[in-house]
Each structure stands twice: as structure tokens, then as C-alpha cells.
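Quick note on labels: first sequence line is chain A, next is B, and so on, each numbered from 1.
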Amino acid sequence: MPELPDVENFKRYLDATGLHKRIEHITLTSEKVLHGVTRQKLAAALTGHALSRTYRHGKHLFAELDDGPWLMLHFGMTGFLAYFQNLDDDPEHDRLRLDFDNGYHLAFVNQRLFGEVGVVEDPAAFITEQELGPDALALDEDAFRHVLAERRGQVKSALMDQSLIAGIGNVYSDEMLFQAGIHPKTLISDLDDAAVHTLYAAMMNVLNVAIDKGAGSADLFDNLPQGWLLPHRDEGAKCPRCGGAIEKVSAAGRGAYICPQCQPEP
DNA sequence: AACACACCCTGGACGC
DNA sequence: TGCGTCCAGGGTGTGT
């Protein structure tokens with residue numbers, strides 16, 4: 001579920017495992033993930049260099065190659081990073097593997113091939129070119145208010161629009177709206193100051209707690225505090241706040257899960 | 001401008 | 001057990 005919290009934890013994982021090790025060789029198993037770079041250029045950019053630091057913006061993860069260009073990773077709908085020594089532990093759907101000179105490997109795992117691997121000279125320029133909005137975690141409440149003010153339409157689609165705010169996807173937007181008690185189809189123009197304040201607080205809480213509780217790992221659901229929708233995000237499941245039945249509705253072109261009691265229809 | 005929809009790809013879940 | 005259909009957490013492009 002690679003949205004901002006997941007990617008943030010992938011970044012921390014990479015920081016803890018893959019930095020400052022010389023890349024002897026890369027293994028690219030699928031060219032479909034390449035984004036604006038050829039196999040040859042990717043190999044040339046990586047081989048012989050080490051990842052020196054990382055940077056995350058929204059759902060994009062960047063890793064600098066010594067003091068040169070940056071490796072760009074985007075996970076699409078599926079994926080994670082895996083660091084391991086024994087090739088027997090190489091996960092299925094490993095699309096790009098960095099083979100380090102210490103005998104370990106770092107794999108970009110991406111089952112559905114919607115992920116992207118690229119090489120960019122400058123993450124800031126890339127973010128501008130891709131027309132990505134500010135990272136969700138970097139938004140203060142005034143900026144959030146400002147972003148919403150220049151947008152009409154439904155609140156869920158605004159939260160998920162990467163050109164407005166980078167990092168929020170379908171799952172975590174559901175969680176934010178649930179915690180804020182706002183129906184996803186509510187028009188932004190119908191949110192009063194108090195509702196925007198509540199939504200901002202929910203956004204920050206969801207992002208920070210999800211990161212803290214292990215977003216991107218399998219045990220996230222077990223670690224989450226009571227009252228989160230996420231583990232109950234299923235049609236007919238029990239709402240963790242009121243006990244009512246969770247419903248699936250269509251919003252922003254995706255399946256959205258809501259509690260009709262806690263999030264009354266506008 | 002905002003929205004619905006088809007599409008990209010793989011594979012798990014579900015119904016028969 | 002086997003097979004077809006539907007659906008999934010991202011993003012893009014098209015038509016309205």
C-alpha cells in the first residue's frame with residue numbers, strides 16, 4: 001500500500017540497509033518499470049556507485065548516487081524494498097536488484113508493474129516537472145486551507161490529487177475522512193472552518209501514526225490504535241467507533257469505504 | 001475545472 | 001479442483 005507513510009518507512013529501511021555500499025552490479029528483471037531511462041543508462045548510473053542519501057516527496061523515493069544523479073523509485077499499487085544476503089531470499093516480483101560489494105542485495109519488488117524506476121539529475125526539478133504538490137507532511141494548517149480554497153469538487157478527490165498534495169492515496173484518504181467524520185463526497189465548499197481544522201488534524205494524525213506503527217509492513221494493522229478504519233476496511237465489517245456496518249461507495253473514481261453513521265452523506 | 005471511465009499489469013478471491 | 005469473472009492500495013489519457 002505504497003502511499004506516503006509506506007514510502008516513508010521504505011525510505012527509513014533503505015537508510016538503515018542500503019547506504020554507502022558500492023553497487024557492483026544490477027539485475028533488472030523487467031524493463032516495464034523503467035521510466036524515462038534505458039536499461040543501459042540505469043546500469044551506467046548505478047554500477048560502481050553507492051547510495052549516499054535518500055529523499056522522499058509524496059509517494060516518490062529518491063536515492064542519490066554518490067554526488068551524482070538520483071535513483072527515483074515509485075511503487076505504484078504494489079511493492080516494497082527488501083534487503084537480504086542469500087539470493088534464496090530474493091522475493092518474487094523483484095524487478096530491480098542492486099548487488100552490493102558486501103554480498104548483500106537490495107530489491108525493488110513490484111508485483112503489478114505499475115511501479116517506476118528512473119534516474120533524475122535533481123529531485124526538485126523532477127517534482128516540478130511532474131507537477132507534484134507539496135508533500136502532505138510538510139503542509140501546515142494554513143497551507144492546507146489554502147490548497148483546499150483553490151479547489152472545488154469533492155473532498156476525497158482533492159486529498160488524492162497529487163498535484164494539490166503529494167502522498168495521499170485511496171486507503172489513507174478513507175482513513176482521514178473517517179477519523180474526521182466527513183463523507184468522501186462532501187463538497188469542499190461545504191466544509192466550514194471547523195471541518196477543515198478537523199480534517200487537517202486527521203490528516204496529520206493518520207500520516208504520523210501510520211508511519212510510527214509500521215506502514216508498509218504486514219504488522220501495521222495489529223499495531224494501530226483502536227478506532228482506526230483501516231483493519232475494518234471491508235464491506236459489512238463493523239465500524240470500530242459505532243459498531244455499524246461499513247459500506248463501500250464509489251468516490252473519486254475508486255472504491256471508498258465509509259461508516260454511514262459516522263460520516264453522514266452530505 | 002471536475003468527473004467518469006477505460007486502460008496499463010498481475011494475481012488473489014469468489015462464484016459456479 | 002478447475003475455470004471464468006471481478007477486483008485491487010497508482011497514474012494517465014479521453015470524452016463530457
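Remark: the backbone N or O of A:Val109 is not paired with any side-chain donor or acceptor of A:Asp94 at under 3.5 angstrom. A donor-acceptor pair under 3.5 Å links the side-chain atoms of A:Thr78 to the main chain of A:Arg112, judged by distance alone.
Within 4.0 Å of A:Lys156, counting heavy atoms only, lies no atom of the nucleic acid at all. If you check every strand for non-hydrogen atoms under 4.0 Å, A:Gln162 touches sugar and phosphate atoms only.
Side-chain N/O atoms of A:Ser52 and A:Asp66 include no donor and acceptor closer than 3.5 Å.
Rounded to whole angstrom, the span from the CZ atom of A:Phe178 across to the P atom of C:dG9 amounts to 18 Å. Between A:Glu175 atom CD and C:dG9 atom C1' there is a gap of 13 Å when expressed in whole angstrom units. The distance between atom NE2 of A:His35 and atom P of B:dC8, rounded to the nearest whole Å, is 18 Å. For the pair A:Ile168 CD1 and C:dG9 C1', the computed distance is 14 Å after rounding to whole Å. In this structure, CG of A:Asp234 is placed 13 Å from C1' of C:dG9, rounded to the nearest angstrom. One atom, CE of A:Met77, and another, P of C:dT12, lie 14 Å apart when rounded to the nearest Å. Put simply, CG on A:Asn110 is 17 Å from P on B:dC8, counting in whole angstrom units. With rounding to whole Å, A:Glu116 atom CD is found 9 Å from C:dG10 atom C1'.
The residues A:Lys185 and A:Glu265 are annotated as not salt-bridged, no charged nitrogen and carboxylate oxygen being separated by less than 4.0 angstrom. In summary, A:Arg151 and A:Asp161 engage in a salt bridge, as defined by a charged side-chain N under 4.0 Å from a carboxylate O.
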*Give DNA chain B the dot-bracket treatment, 5' to 3': Watson-Crick (N1-N3 with N6-O4 or O6-N4) or G-U (N1-O2, O6-N3) under 3.5 Å, [ ] crossing, | other strand.*
.|||||||.|||||||
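For the pair A:Asp99/A:Ile23, no side-chain contact is recorded, criterion being any heavy-atom separation below 4.5 Å from C-beta on.
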*asked:* For a ring pair (Phe, Tyr, Trp, His ring centres under 6.0 Å) check, start with the C-alpha distance between A:Phe108 and A:Phe80, then their side-chain angles and the critical distance, and finish with the verdict.
replied: CA-CA 6 Å; A:Phe108 172 76; A:Phe80 55 93; 9.5 Å; no
*For salt bridge (charged side-chain N to carboxylate O under 4.0 Å, His left out), just list the numbers for A:Arg39 and A:Glu31, CA-CA rounded to whole Å, side-chain angles, deciding distance to a tenth of an Å, and then say yes or no.*
CA-CA 7 Å; A:Arg39 174 187 288 271; A:Glu31 299 207 1; 2.6 Å; yes
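Tested against A:Asp174, the residues A:Arg233, A:Arg254, A:Gln179 include a single side chain to side chain donor-acceptor pair (under 3.5 Å) partner, A:Arg233.
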Output a table of nitrogen or oxygen pairs between the protein and nucleotides 9-16 of chain B separated by less than 3.5 Å.
from	atom 1	to	atom 2	distance (Å)
B:dC9	O2	A:Arg112	NE	3.3

Hey, what are the protein-to-nucleotides 3-7 of chain B N/O distances that come in under 3.5 Å?
from	atom 1	to	atom 2	distance (Å)
B:dC3	OP1	A:Gln154	N	2.9
B:dC3	OP2	A:Ser157	OG	3.0

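Rounded to whole Å, the separation between the C1' atoms of C:dG10 and B:dA1 comes to 22 Å. Nucleotides B:dG12 and C:dG11, compared at atom C1', are 22 Å apart to the nearest Å.
Phosphate proximity of C:dG11 to A:Lys59: present, with a side-chain N or O under 4.0 Å from OP1 or OP2. Listed pair A:Lys248 / C:dC6 fails the phosphate criterion, with no side-chain N or O lying under 4.0 Å from OP1 or OP2.
Aromatic ring orientation, A:Phe126 versus A:His35: perpendicular (interplanar angle above 60°, classes split at 30° and 60°).
Crowding of A:Asp67 atom CG: a count of heavy atoms from other residues, nucleotides or ligands under 6.0 Å not exceeding 12.
A:Lys59 and A:Leu4 make their closest contact through CG-N, 4.2 Å (heavy atoms, listed as atom of the first residue, atom of the second, distance).
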